[in-house]
A.B. asks: 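The structure follows.
Below, chain A is the first sequence line, B the second, and so on; all start at residue 1.
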2 protein chains.
Amino acid sequence: MNDSKPRSKSGTDSDSTSGTRSGAKTGATTGAAQGGGRSRGKRTPPASSSAAAPARRSDATRAAILDAARERFAADGYERATIRAIARDAGIDPSMVMRYYGNKEGLFAAAVSVDLKIPDLASVPRDRIGATLVAHFLTLWEENEQLTALLRVGTADAAGAERLQDVLREQLLPVVRATCPDPEQIRMRAALVVTQTLGLALTRHVLRLPPVTELTRDELVAWLGPTLQRYLTAPHSAWPEA
Amino acid sequence: MNDSKPRSKSGTDSDSTSGTRSGAKTGATTGAAQGGGRSRGKRTPPASSSAAAPARRSDATRAAILDAARERFAADGYERATIRAIARDAGIDPSMVMRYYGNKEGLFAAAVSVDLKIPDLASVPRDRIGATLVAHFLTLWEENEQLTALLRVGTADAAGAERLQDVLREQLLPVVRATCPDPEQIRMRAALVVTQTLGLALTRHVLRLPPVTELTRDELVAWLGPTLQRYLTAPHSAWPEA
DNA sequence: GTTGTTGGCCAACACCTGTTGACCAACGCT
DNA sequence: AGCGTTGGTCAACAGGTGTTGGCCAACAAC
């Protein structure tokens, strides 16, 4: 199951002269973290007065590569997502991937630059924080393949796990910090929240376990919302036994 | 980080004439699912009156292979756990793995024959089921490397995901069925339970996220117990909005 | 002693991987 | 025109992978 079948894009395979393929779903996060890509000559366009990118012709190719990489990483994991397959999906040569992103690790780093844009915390009533978070995460995972790729690779690769950990620490921990008053309990409550949140993402978007995928969005919000609410705001007093 | 370091076992590397290496932790599940292993001659010992296995000399080797395979699969995932590395850990030649288990897939199938032996359901009071389940799963994951291997591979491989799904369906669903009266809600409640349970296992044993690994066993039971309790036994009435 | 089976090692095969360097077609300058 | 840069292809390399077949030592049976 590895050959002769272009996944979903790259409708025509032979003509690959000009860019503008079908994809480019959500802005593609082009400029971020290109890191390793050193081409032959010098970079630095001859004269750019403003600091904005001069909109090269290859930007479409870069975006196509990142799109294909996200899809492959999310679907197949790090090892099985070969550079050749990604390049084939993007309609270009594998060496282009190397030239733009240095190596496979750099490609992955550029492909998953996740921004779990957690919304305004103070505008929701305090007893609705759990449900709001669940609903937000549900839409986020559904519309963003990078998260699935990040989680899937994080479970297989040590470096991927570290990157996932970074994302959670930098973006999820502030939410807990803003919600929980006692600074000594922040790490504990963040751990609890992460347990339930990643469990939902894992079973629903990575493993795709049928009983979980059957649940509707409203059911999940109704059931998991109170859980997160409790993990975030409930006082921890009732100890069954010490 | 792939070479020249025998993981934990196989103390002496050169002499490998007789078996009886150090390992063989927990019975090793030898007879189960050997499937593909066809050796050169015919199997079938010349005369075995009783149906019990005649205790071959190679059983120690088989157990060592399975032990090493479990460890490698749990630590490195399916792709990175190479047969050569597993064989090196077990102190034998890679071709032995092939002869005994046919191919890598057969080895994995034999290595993860999981039995999440869920305890007596009726003996615990009904309002303690959640806490009991959490405590049981915690000990199970800690003492059993196969579960980590199964979950890690399940996230990377489609076949692994299916096997994990089988295990959950056959062994976790009966618990929910025995706990929940309404048969129409069984799948939903099983999904909820699986969400929280696998989330704990993922973050604690696969990703090893520091805030989660810092939590003590008692804290986890105290916090996640009520969650499972609610997922299993609470009536689902309070709908925020339809 | 001879013979057959078992347990094991060794060397290779075919394939796939990431990665590299050489080469080439446009296009923008001056 | 001439030239440099950009975007891209092609063919290969070195290394690792699963997998296979041939050979060998020990032991059991006749």
A.B. asks: Working to the nearest 0.5 angstrom, can you tell me the gap between B/R72 CZ and B/D76 CG?
C.D. replies: 5.5 Å

A.B. asks: List every contact pair, protein side and nucleotides 12-14 of chain D side both N or O, where the distance is under 3.5 Å.
C.D. replies:
unit_1: D/dA12; atom_1: N6; unit_2: A/R84; atom_2: NH2; d: 3.4

A.B. asks: Can you measure A/I92 atom CD1 to D/dT9 atom P for me and round it to whole angstrom units?
C.D. replies: 7 Å

A.B. asks: If I take atom CZ in residue B/R80 and atom C1' in nucleotide C/dG18, what distance separates them, rounded to the nearest angstrom?
C.D. replies: 13 Å

A.B. asks: Within 45° of the ring axis of B/Y231 and under 6.0 Å from its six-membered ring centre, is that where the NZ or CZ of B/R189 lies?
C.D. replies: no

A.B. asks: How long is the line joining OH of A/Y101 and P of D/dG8, in whole Å?
C.D. replies: 12 Å

A.B. asks: Want to settle it: does A/D93 or B/Y78 sit nearer the 5' end of DNA chain D, counting the closest nucleotide to each?
C.D. replies: A/D93

A.B. asks: With sequence neighbours excluded, tell me which residues meet salt bridge (charged side-chain N to carboxylate O under 4.0 Å, His left out) with B/R187.
C.D. replies: A/E214

A.B. asks: With side chain to side chain donor-acceptor pair (under 3.5 Å) as the rule and sequence neighbours excluded, what pairs involving residues 165-176 of chain B come up?
C.D. replies: B/D166-B/R169

A.B. asks: Nearest to the side chain of A/M96, which nucleotide is it out of C/dC10, D/dG8, C/dT19?
C.D. replies: D/dG8

A.B. asks: For A/R88 and D/dT9, give me the distance from atom CZ to atom P, rounded to whole Å.
C.D. replies: 14 Å

A.B. asks: Quick check: on DNA chain C, is the nucleotide nearest A/S95 upstream (toward 5') of the one nearest A/I83, or the reverse? Name the residue that is more 5'.
C.D. replies: A/I83

A.B. asks: What is the distance, rounded to the nearest whole Å, between atom CZ of A/F73 and atom C1' of C/dG18?
C.D. replies: 12 Å

A.B. asks: How close or far is atom P of C/dG7 from atom CZ of B/R62, stated in whole angstroms?
C.D. replies: 7 Å

A.B. asks: From the options C/dG7, C/dT20, D/dT19, select the nucleotide whose nearest atom is closest to the side chain of B/R99.
C.D. replies: C/dG7

A.B. asks: CE of B/M98 versus P of C/dG7: gap in Å, rounded?
C.D. replies: 18 Å

A.B. asks: Which residues pass the side chain to side chain contact (heavy atoms under 4.5 Å, CB included) test with A/A69, sequence neighbours left out?
C.D. replies: A/F73, A/I86, A/L107, A/A111

A.B. asks: May I have the distance from B/D76 (atom CG) to D/dT17 (atom C1'), rounded to whole angstrom?
C.D. replies: 15 Å

A.B. asks: Output all residues satisfying salt bridge (charged side-chain N to carboxylate O under 4.0 Å, His left out) with A/E162, sequence neighbours left out; order by chain, then residue number.
C.D. replies: none

A.B. asks: Could you list the donor-acceptor pairs under 3.5 angstrom formed by side chains in residues 199-212 of chain A, with sequence neighbours left out?
C.D. replies:
unit_1: A/T203; atom_1: OG1; unit_2: A/G199; atom_2: O; d: 2.9
unit_1: A/T203; atom_1: OG1; unit_2: A/L200; atom_2: O; d: 3.2
unit_1: A/R204; atom_1: NH2; unit_2: A/L215; atom_2: O; d: 2.4

